[in-house]
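Only a predicted model underlies this, so the values are computations on that prediction, with no experimental measurement involved.
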Amino acid sequence: MQDMIRRIVEADNEAKALEEENIKATEKEKQRIEKEAESIYKEYMDNAQEEIKKNDEHLRKMYERKLSDSTAKQESVLIKLKADYDQNCDKWVDEIVSRVIG
């Protein structure tokens, strides 16, 4: 009878030890999964930041070219308008005066 009680107590102790081991293993696996998820998230965010930098640089260069083209066109139009003014100033003034006086 005492042998049976001893076996039951030993089985109970083994079950408690096994349960404790399973709890530790579960906690360890949970920490591993959290660490891996954090690592994946960090890698994803790093890649996203790098892609954003590339896009920013590309867009900046594109808009600098557009601004440069626009500025060149404005300068060209300004030169043409000044040339037209220089060439036709007296004619336009005479025409305005003649229409006013008339």
Side-chain angles (χ1 to χ4, degrees):
M1 177 81 161
Q2 289 231 337
D3 191 40
M4 287 274 249
I5 294 174
R6 187 177 51 77
R7 284 185 182 169
I8 291 172
V9 170
E10 285 176 5
D12 186 48
N13 289 339
E14 287 177 16
K16 286 179 183 177
L18 186 58
E19 181 183 13
E20 186 70 28
E21 187 178 314
N22 284 339
I23 289 172
K24 286 179 183 178
T26 301
E27 186 62 33
K28 187 176 181 178
E29 186 65 17
K30 182 180 174 184
Q31 289 175 353
R32 185 193 67 77
I33 289 170
E34 287 175 358
K35 189 175 182 179
E36 187 174 337
E38 185 179 315
S39 173
I40 290 169
Y41 176 78
K42 184 181 181 321
E43 181 181 351
Y44 174 79
M45 292 304 289
D46 289 346
N47 289 342
Q49 289 294 332
E50 189 63 33
E51 191 66 28
I52 288 170
K53 285 180 185 177
K54 287 179 189 176
N55 288 341
D56 283 350
E57 183 67 21
H58 171 72
L59 289 173
R60 186 185 62 76
K61 287 180 180 178
M62 183 178 72
Y63 285 114
E64 281 179 358
R65 281 192 304 267
K66 285 185 176 187
L67 178 62
S68 176
D69 291 347
S70 178
T71 303
K73 285 178 184 176
Q74 288 176 348
E75 288 176 5
S76 174
V77 168
L78 182 61
I79 290 170
K80 183 179 178 336
L81 286 174
K82 284 183 178 182
D84 286 348
Y85 173 78
D86 290 342
Q87 187 176 18
N88 297 312
C89 176
D90 292 335
K91 181 177 138 187
W92 292 338
V93 168
D94 290 343
E95 189 172 327
I96 291 171
V97 168
S98 72
R99 284 185 184 187
V100 170
I101 294 176

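- Taking CG of Asn55 as the start and CD of Glu50 as the end, the distance is 10.5 Å to the nearest 0.5 Å.
- Looking at Arg32 and Glu36, a side-chain N of the basic residue comes within less than 4.0 Å of a carboxylate O on the acidic one, giving a salt bridge.
- Linking Ile, Leu, Val, Met, Phe, Trp and Tyr whenever their side-chain heavy atoms come within less than 4.5 Å puts Val93 and Ile101 in one cluster.
- Salt-bridge annotation for Glu21 and Lys24: absent, with no side-chain N of the basic residue lying under 4.0 Å from a carboxylate O of the acidic one.
- Applying side-chain contact (heavy atoms from CB on, under 4.5 Å) to Tyr63 and the options Lys61, Lys66, Arg60 leaves one that passes, Lys66.
- Separating the CG atom in Asp86 from the CG atom in Leu81 is a distance of 11.0 Å, to the nearest 0.5 Å.
- Using a distance-only test at 3.5 Å, with no hydrogens or angles considered, a donor-acceptor pair links the side chain of Thr26 to the main chain of Asn22.
- Other residues, nucleotides and ligands place no more than 12 heavy atoms under 6.0 Å from the CE atom of Met4.
- For residues 71-85, the set of pairs meeting the side-chain hydrogen bond (donor to acceptor under 3.5 Å, both in side chains) definition, not counting sequence neighbours, comprises Lys80-Asp84.
- Interatomic distance, CG of Asn13 versus CD1 of Ile8, reported as 12.0 Å (0.5 Å rounding).
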- Query: Between Asp69 and Arg65, is a salt bridge (Lys or Arg N to Asp or Glu O under 4.0 Å) present by the stated rule, with each step listed?
  - Reply: CA-CA 6 Å; Asp69 291 347; Arg65 281 192 304 267; over 6 Å; no
- Item | Residues Lys16, Glu20; criterion salt bridge (Lys or Arg N to Asp or Glu O under 4.0 Å); working and verdict | CA-CA 6 Å; Lys16 286 179 183 177; Glu20 186 70 28; over 6 Å; no
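- With rounding to the nearest 0.5 Å, the separation of CD in Glu51 from CG in Asp56 is 10.5 Å.
- With respect to Glu95 and Arg99, a salt bridge is recorded, a charged nitrogen being found less than 4.0 Å from a carboxylate O.
- Around atom CD of Glu19, no more than 12 heavy atoms belonging to other residues, nucleotides or ligands sit under 6.0 Å away.
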- Message: If you apply the rule salt bridge (Lys or Arg N to Asp or Glu O under 4.0 Å), what do you find for Glu57 with Lys53, and how did you get there?
- Response: CA-CA 6 Å; Glu57 183 67 21; Lys53 285 180 185 177; over 6 Å; no
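- A salt bridge links Arg7 with Asp3: the distance from a Lys NZ or Arg NE/NH1/NH2 to an Asp or Glu carboxylate oxygen falls below 4.0 Å.
- Using a 4.5 Å heavy-atom cutoff, the side chains of Glu38 and Lys42 are not in contact.
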